[in-house]
Amino acid sequence: MLEKTFQPAAIEPRIAAEWNKAQAFKAGRQSQAGGVNGAPYCIVIPPPNVTGSLHMGHALNNTLQDVLIRFERMRGKDVLWQPGTDHAGIATQMVVERELAKNKQPGRRELGREKFLEKVWAWKAESGGQIVHQLKRLGASCDWSRERFTMDEGLSKAVVKVFVELHKKGLIYKDKRLVNWDPKFQTAISDLEVIPTEVKGHLWHFRYPLKGITFNAEDSNTFIVVATTRPETMLGDTAVAVHPAEGPYKHLIGKTVVLPLVNRDIPIIGDDYADPEKGSGAVKITPAHDFNDFEVGKRHNLPQINVLDAFGKIAGTQTPYDGLDRFEARKRIVADFEAQGLLEKIEDHLHTVPHGDRSGVPVEPWLTEQWYCNAAELAKPAMAAVRDGRTEFVPKNWEKTYFEWMENIQPWCISRQLWWGHQIPAWYGPDGHFFVEASEADAAAAAKAHYKKDVALTRDPDVLDTWFSSALWPFSTLGWPDKTAELDRYYPTAVLVTGRDIIFFWVARMMMMGMHFMDGEVPFKKIAIHGLVLDEKGQKMSKSKGNVMDPLGLIDQYGADALRFTMAALSTQGRDMKLSTQRVEGYRNFATKLWNAARFAEMNECVRAKDFKPASIKEPINRWIAGETERAVNAVTNALEANRPNDAATAVYEFTWGIFCDWYLELIKSLLASEDEGEKQETRATVAWVLDQILKMLHPFMPFLTEELWAHMVEHGVARENLLCLSQWPTLDGLADPRIDDEIGFVVALISEIRSVRQEMNIPAGAKVPLVLVGADKALQDRCNRHEETIARMARLDGITFAKAVPKAAAVIVVGETTAAIPLAGLIDMAAEKKRLEKDIAANQSDIAKMDAKLENPNFVSRAKPEAIEEARERKAELEGQVKRLTAALKRLG
RNA sequence: GGGCAGUUAGCUCAGCGGUAGAGCGUCUCGUUUACACCGAGAUGGUCGGGGGUUCGAUCCCCUCACUGCCCACCA
């Protein structure tokens, strides 16, 4: 016997163990519907950071994938959901460094590279797998035997091969230019890892004295004013730019100023980068510390003077500021300008300052040598693939975002000055000449050929951007560069399910690498984009706001099924979703509802009948639910095929609760009590059959609950041969019958109206009043006779007794073609009932007038679709019938 | 500055040319062959504003307003 309520915590671990024991999720696993004989269907998981723990974004992302995976597995496809984790360069290095500091162990630099990396691997071995366990708790049906890690041997091999090949083709190269430098982690970062943050700052207006004229703070002819938000960079100024044609300074072009504090002569140049409207109209040019200035400097052949070290301290300026932190130097420099009368004014200034996404500190444009990837070139085929539909975004509008970025793509800085990651396969000879090769031995050979002798080589210490290895994920996890059977079978993958926030970071780069290395084959046929999970107020969840919802906490409290269903039901194509615990609670209730329906079935001995054929059901109510089941199955299937999990979830919810529980189980209670054994047995079998279909339809969304109930039914029938997750997805046809729908529809409508009138009229609970049918035709009388018992039973629940007499005074129920009446003399206020009827008549007449206007409109009649006209006519006739009956009822009231 | 979404019941959202829908909330009633994590009923909307197309617009087009997000720039 089932417990009274559903206890997820009690069953989830047991079910998970059963799946595991059966190796149910292994790629190529034979499912009841065909398994390995089916078409391949592969999804690669967006690899979570190995440092990560499950957050709402993961819960959403992986639920959506698992829904598709379980659905396709049940449909008999040969399913592979490829799991794994990402080494997450900076994030992991940070975590381990913090750990070392916490345990008062020697830091990274003290340990040295090799020892430190040992620590990271040790950390990974011990705590790195956490997120995988959490994904399992969510019910993710990945093929866990194939789990990969971006730094494992095979994937590292792929990374090296890609780097070497792209370098040989000139698509990876070394370049000295400005990069975004993170002074906290002392590494370069890519444009995407820079977060512009609005800060309240200042605009300092400095006087730069003109050379050859005695400086006089009162005389503006003796200096030029430049405005800056970053005073400390003035140490590296190599020019002042003014607009060549406009503004007050153009006459100064060609003159020289003496750079204060450093006493360097620098030219005043004309360049239309200088905007006369901005700041003071003249702008200091610091080519080594500003992206725009860098370009101006190149145009004018200006020297690039670097004034910062890797930590963001002033360095190499031969001034007293050397060694000061950049912000300390800023204060001192401003003070020194002021002391010398060179500070004209300070304005408050709101501006955006680039910050490192991991470090949170302002990044510096810094002149260094780095490795770059020619993304613009790789982007071309990646764009073409989307343009001609070989890869399709769902929803389509995200293609625009993709193109927008791809068309303006900049060189991708792929080197990082970190230790944790794939070390760049480049070796340097004594003169700095480098050799990019797959191994040290290859590099040595290349060096020998180059130098004509053996030389000592040093390997480039830098590692690659984490996203470099994740860009290879769809094929590297399948075994590339080896020609494996998996690669052959599962690439291109079916669909990539991912958040809109990593389209640039990840999706675009997978497209580029996939196209390039897989002979122009796309990595995935579809890209399904979902939004972010926001809190119930629509705000992004963040630790600082304290509004973070923990999926594991929700699983503990409401069960994984409830959380999953919530994720699927609230998901919208490509847009963000707001989540509240109330929703999760609601879907937990849904789980309990189904649980109790199964319990009801159990109590009534509704067991599966061998060779049960829904097409040969006799009892109309049972035939009706079979038809409704078919409709629900089709709705769910179509929605899942169309990548609309929310519609699928809604359809199965509505059917299970709104139709099966609310109506069918109520309507059959009299059948279950029937003396007629055949009728009773058929009903029991039908209940069991419908429940099976519900379990199947619901399984992708609520795998634990459904698997448990599926197994539980074993006690009452023939033992299940299969786990639910490996059984066949239902396909139903020919069960829906319009005549049956009409008949049961009438019963349902009649009962609804009885309830409505009874409550509206405020008939006291328990009052026994007879229900009669008035003016009904023969067909209707027959109908009522056929379902008399059911109607009477349902009416009785509402305190109404079914009877045959025609009374004088009655409340009137209009259902379709007929009128039922509840005689209520002495029980209700007749005047009020009269009023109600009058109101209804008026409302109907107003609707009739509307229909008349429509039908008399010659344009409507001539131009509307025939169905629309027919519908309008029917509607009008129906309304007129109602008015007739209501009027008759009114008369009857006297 | 460029781009993308969104604006429908108190809240969260479906619908998208032809009778305005669901869930939650609120109010009323109810312990009945599963379920109070329940059942029944009711309440609630000039579908952001203004134009246009159309016989007909919540739906298509234009425009404005507001909200959110992304990209770029900011001396």
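Lettering of chains follows the sequences in order, A, B, ..., and the numbering in each one begins at 1. Note that the coordinates shown come from a computational prediction; the quantities given were computed from them, not determined experimentally.
A donor-acceptor distance shorter than 3.5 angstrom exists from the side chain of A:T197 to the backbone of A:I195, with no hydrogens or angles considered.
The side chain of A:R644 places an N or O atom within less than 4.0 Å of a non-bridging phosphate oxygen (OP1 or OP2) of B:rG15. Contact annotation: A:K537 does not reach the phosphate of B:rC11 (side-chain N/O to OP1 or OP2, under 4.0 Å). Side-chain nitrogen and oxygen atoms of A:N646 include none within less than 4.0 Å of the OP1 or OP2 phosphate oxygen of B:rA14. Contact annotation: A:K578 reaches the phosphate of B:rC13 (side-chain N/O to OP1 or OP2, under 4.0 Å). Between A:W657 and B:rG39 there is a side-chain N or O to OP1 or OP2 distance below 4.0 Å.
Comparing B:rG18 with B:rA34, their P atoms are spaced 43 Å from each other, to the whole Å.
Atom CG of A:N596 is separated from atom P of B:rA34 by 10 Å (rounded to the nearest Å). A:F393 places its CZ atom 19 Å from the P atom of B:rG3, with the value rounded to the nearest Å. Between the CH2 atom of A:W398 and the P atom of B:rA5 there is a distance of 9 Å, rounded to whole Å. For the pair A:R575 CZ and B:rG68 P, the interatomic distance rounds to 16 Å; values are reported in whole Å. Rounding to whole angstrom units, NZ of residue A:K593 and C1' of B:rG39 are separated by 7 Å.
Residue-to-nucleotide contacts include no donor-acceptor pair under 3.5 Å from the side chain of A:R599 to the base of B:rC35. On a pure distance criterion of 3.5 Å, no polar donor-acceptor pair joins the side chain of A:K400 and the base of B:rC4.
Electrostatic pairing of A:D348 and A:K200 does not count as a salt bridge here, judged by no charged N lying under 4.0 Å from a carboxylate O.
Ring-plane geometry between A:F206 and A:F337 is classed as parallel, the angle between the planes falling under 30 degrees on a 0 to 90 degree scale with a further cut at 60. Classification of the A:Y653-A:W657 ring pair by plane angle, with boundaries at 30° and 60°, yields tilted. Taking the six-membered ring for Trp and thresholds of 30 and 60 degrees, A:F504 and A:W405 have nearly parallel ring planes, at less than 30 degrees apart.
Among the nucleotides B:rG18, B:rA34, B:rA75, the one closest to the side chain of A:Y273 is B:rA75.
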